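FYI, the numbering just counts along the sequence from 1. Being a predicted model, the structure only gives us computed values, none of them experimental.
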Amino acid sequence: PNYGEVAARLKTSLEKHSLNYDYLEVPLSNWVDACSLKAKVISHFLDKYVGNNIVYIDADAEIKRDPTPYFEKIEEDFAACQRKHELLSGTIYFKNSAGAREILNKWRTLCFLNKVMWDQITMEWAIKSCDIPIHNLPEEYCNIFDSDSSDADSSYISHHQESRKTRQVDQSWWDASTNSHVPGLSLNEDTSLFNICSNASIAIVANGPKLLEEELGEEIDACDVVIR
């Protein structure tokens with residue numbers, strides 16, 4: 001998608017609610033690269049606005065109501081929304097504190113070491129590696145516009161998921177018998193997860209909810225770990 005165009009919608013909504021904001025345009029080649037830069041961008045703004053806390057919002061979001069009163073009451077160093085079993089990175093709060101920077105520095109390192117891994121997964125790894133209390137944002141502050149679990153009309157910050165239009169993710173699968181990647185192998189309507197992973201103990205499933213719901217009897221969200 002053209003993020004310049006969708007960012008204009010966010011800018012308009014920020015100004016409508018008289019919210020202070022700043023942004024940083026960065027070159028990117030694909031969606032995963034864009035996600036991996038989040039930690040670096042947030043670090044840039046924490047350094048730029050010393051003494052001020054930061055709320056990061058994805059460019060494809062829109063402010064529906066003023067979220068400032070809620071964020072001003074957060075006491076923890078970090079806040080994000082836990083939706084089902086997935087920690088979302090579309091709206092993130094960072095206090096300008098040592099604890100928040102510890103999480104952020106570990107997140108940046110994990111993004112650098114895992115360049116094809118989605119940012120919200122490396123973010124969760126970073127948080128789990130730090131003994132720092134975090135705050136769980138209500139879904140109204142990181143609303144997915146078509147989500148069944150939240151009400152768009154009551155949301156403060158809504159995300160329009162523009163990346164769905166052009167998202168390209170590496171769908172390589174690990175061949176446990178040879179300890180090597182098998183490029184180009186992906187799930188489709190005629191492929192069974194259990195056939196692919198017949199010799200494996202663990203499989204990483206990317207974007208597999210529709211394909212796996214019938215096979216496993218429950219919804220599997222993006223990049224879940226399935227253990228046989």
Trainee: By side-chain hydrogen bond (donor to acceptor under 3.5 Å, both in side chains), which residues pair with Asp66, not counting sequence neighbours?
Mentor: Thr68
Trainee: Any chance you could lay out the ring-ring contact (aromatic ring centres under 6.0 Å, His included) test for Phe78 and Phe94, step after step, and finish with the verdict?
Mentor: CA-CA 5 Å; Phe78 172 90; Phe94 275 93; 5.1 Å; yes
Trainee: Where the side chain of Arg65 meets the backbone of Ser154, is there a donor-acceptor pair that is under 3.5 Å apart?
Mentor: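 Checking the backbone N and O of Ser154 against the side chain of Arg65, a donor-acceptor pair under 3.5 Å is found.
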Trainee: Side chain of Trp107, backbone of Gln120: donor and acceptor closer than 3.5 Å?
Mentor: no
Trainee: Quick check: does any side chain N or O of Asp77 sit under 3.5 Å from a backbone N or O of Lys95, one acting as donor and the other as acceptor?
Mentor: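 Looks like no, no N/O pair under 3.5 Å.
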Trainee: For Ser158, does its backbone N or O pair with a side-chain atom of Ser155 as donor and acceptor, under 3.5 Å?
Mentor: no
Trainee: For the residue pair Lys38 and Ser89, confirm or rule out a side-chain donor-acceptor distance under 3.5 Å.
Mentor: yes
Trainee: At what distance, to the nearest 0.5 angstrom, does SG of Cys130 lie from CD1 of Ile103?
Mentor: 5.5 Å
Trainee: The criterion is side-chain hydrogen bond (donor to acceptor under 3.5 Å, both in side chains); which residues satisfy it with His135, sequence neighbours excluded?
Mentor: Tyr70, Glu76
Trainee: Could you go step by step and tell me if Phe71 and Thr91 meet the side chain to side chain contact (heavy atoms under 4.5 Å, CB included) rule?
Mentor: CA-CA 11 Å; Phe71 285 112; Thr91 303; 4.0 Å; yes
Trainee: Count the heavy atoms belonging to other residues, nucleotides or ligands that lie under 6.0 Å from NZ of Lys48, then report whether that count exceeds 12.
Mentor: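 Enclosed: over 12 neighbouring heavy atoms sit under 6.0 Å from NZ of Lys48.
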Trainee: Determine whether Met123 and Ile92 satisfy the following criterion, side chain to side chain contact (heavy atoms under 4.5 Å, CB included), listing intermediate values before the conclusion.
Mentor: CA-CA 10 Å; Met123 180 180 74; Ile92 321 170; 3.9 Å; yes
Trainee: Is the closest side-chain heavy-atom distance between Lys64 and Ile157 below 4.5 Å?
Mentor: no
Trainee: Please check if the side chain of Thr12 supplies one atom and the backbone of Ala8 the other of a donor-acceptor pair under 3.5 Å.
Mentor: yes
Trainee: Does the pair Asp47/Arg101 count as a salt bridge with the N-to-O cut at 4.0 Å?
Mentor: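 A salt bridge is present here (some side-chain N lies under 4.0 Å from a carboxylate O).
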Trainee: Is a side-chain N or O of Asn143 found less than 3.5 angstrom from the main chain of His159, in a donor-acceptor match?
Mentor: no
Trainee: Take atom CG of Asp131 as the centre, draw a 6.0 Å sphere, and report whether it contains more than 12 heavy atoms from other residues, nucleotides or ligands.
Mentor: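 Count not over threshold, so no.
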Trainee: Measure across Leu87 and Ala80 and return the closest heavy-atom pair with its distance rounded to 0.1 Å.
Mentor: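 Nearest pair, atom of Leu87 first, then Ala80: CD1-CB, 4.0 Å.
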Trainee: Is a side-chain N or O of Arg9 found less than 3.5 angstrom from the main chain of Asp60, in a donor-acceptor match?
Mentor: yes
Trainee: Applying side chain to side chain contact (heavy atoms under 4.5 Å, CB included), run through Leu14 and Asn20 and close with a yes or a no.
Mentor: CA-CA 7 Å; Leu14 287 162; Asn20 295 324; over 6 Å; no
Trainee: What I'd like to find out is whether the side chain of Val55 reaches to under 4.5 Å of the side chain of Phe45, using heavy atoms alone.
Mentor: no
Trainee: Quick check on the 6.0 Å ring-centre criterion: do Tyr93 and Tyr141 meet it?
Mentor: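 So the answer is no for these two rings.
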Trainee: Please tell me if the side chains of Glu62 and Leu10 come closer than 4.5 Å, counting only heavy atoms from C-beta onward.
Mentor: no
Trainee: Would you confirm whether Asn96, through its side chain, and Asn53, through its main-chain N or O, come within 3.5 Å as a donor-acceptor pair?
Mentor: no
Trainee: I'd like to know whether Tyr49 forms a side chain to side chain contact (heavy atoms under 4.5 Å, CB included) with Asp22, so could you lay out the CA-CA distance, the side-chain angles of the two residues, the decisive distance to 0.1 Å, and finally the verdict.
Mentor: CA-CA 10 Å; Tyr49 297 105; Asp22 201 348; 2.4 Å; yes
Trainee: Any salt bridge linking Glu75 with Lys73? Criterion: basic side-chain nitrogen under 4.0 Å from a carboxylate oxygen.
Mentor: no
Trainee: Can you tell me how far CG of Leu137 sits from SG of Cys81, rounded to the nearest 0.5 angstrom?
Mentor: 6.5 Å
